Amino acid sequence: EAQVTQNPRYLITVTGKKLTVTCSQNMNHEYMSWYRQDPGLGLRQIYYSMNVEVTDKGDVPEGYKVSRKEKRNFPLILESPSPNQTSLYFCASSPPGGQTYNEQFFGPGTRLTVL
Amino acid sequence: GQSLEQPSEVTAVEGAIVQINCTYQTSGFYGLSWYQQHDGGAPTFLSYNALDGLEETGRFSSFLSRSDSYGYLLLQELQMKDSASYFCALRDSWGKLQFGAGTQVVVTP
């Protein structure tokens with residue numbers, strides 16, 4: 001089944017404790033992206049990657065890191081989480097080129113709480 | 001940069017037609033996309049307009065006018081299952097994507 005998976009789905013942590021949220025897709029998509037969703041603010045892009053070893057900042061990259069060492073995986077790293085990073089996080093991927101480039105497939109989401 | 005504005009909520013009865021507008025300010029983009037998100041779920045892709053005009057996909061249609069910096073999503077023959085949030089999104093030439101804040105559609109019997 002074609003899908004984007006994220007782990008963990010739920011996480012409660014404390015301020016300053018490094019964490020990684022994994023994202024993997026099995027559709028051979030080149031484009032991958034991370035978003036956070038907060039009430040009233042919609043989806044805001046954190047980082048995106050056009051291909052392996054190519055990453056760029058979205059609108060809200062502060063406090064986050066990403067890496068793209070292989071096509072299928074795009075982990076999101078919070079080196080020192082803070083309470084303002086409490087949010088619902090989505091990973092997404094899309095195929096290259098044309099109209100399909102704009103059709104993003106989203107993972108199920110990761111609900112993160114930082115105490 | 002780019003910013004997108006859409007109404008926060010729209011309420012309509014079953015069987016009605018709803019239009020969700022999306023206005024934007026941008027220096028350039030590839031196309032306007034629309035996504036649906038039910039409570040507790042992930043966004044799912046609905047429609048994409050690369051060129052001006054109307055795109056129809058079943059009960060849903062999407063429209064884009066680049067000269068007016070405006071687009072809309074049209075939901076016809078509303079059903080209870082259409083109660084959800086709807087987001088417009090723009091992608092720039094570098095791959096960066098921006099979403100509107102979302103419109104919650106409430107369908108009543």
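By convention in this document, chain letters (A, B, ...) are assigned in the order of the sequence lines, proteins followed by strands, and residues within each chain are numbered from 1. Being a predicted model, the structure only gives us computed values, none of them experimental. We use all heavy atoms of the structure for the numbers below, so side chains are in, but hydrogens, waters and symmetry mates are not.
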### Query
Non-hydrogen atoms of chain B under 4.5 Å away: do they reach the side chain of A:L41, the backbone, both or neither?
backbone
### Task
Flag the pair A:K65 and A:E79 as a salt bridge only when some basic side-chain nitrogen lies within less than 4.0 angstrom of an acidic carboxylate oxygen.
yes
### Query
Ignoring hydrogens and geometry, is there a side-chain-to-backbone donor-acceptor pair from A:Q6 to A:T22 under 3.5 Å?
no
### Query
For chain B, which of A:F106, A:Y47, A:F90 has the most heavy-atom pairs under 4.5 Å?
A:F106
### chain A contacts, top residue of B:G102, B:G31, B:S33 (heavy-atom pairs, under 4.5 Å)
B:S33
### Intermediate values then yes/no, side chain to side chain contact (heavy atoms under 4.5 Å, CB included), B:L75 and B:I20
CA-CA 8 Å; B:L75 287 63; B:I20 303 169; 4.2 Å; yes
### Query
Tell me, side chain or backbone of B:Q104 under 4.5 Å from chain A's heavy atoms, or both, or neither?
neither
### Euclidean distance, A:N84 CG relative to A:E62 CD, rounded to 0.5 Å
10.5 Å
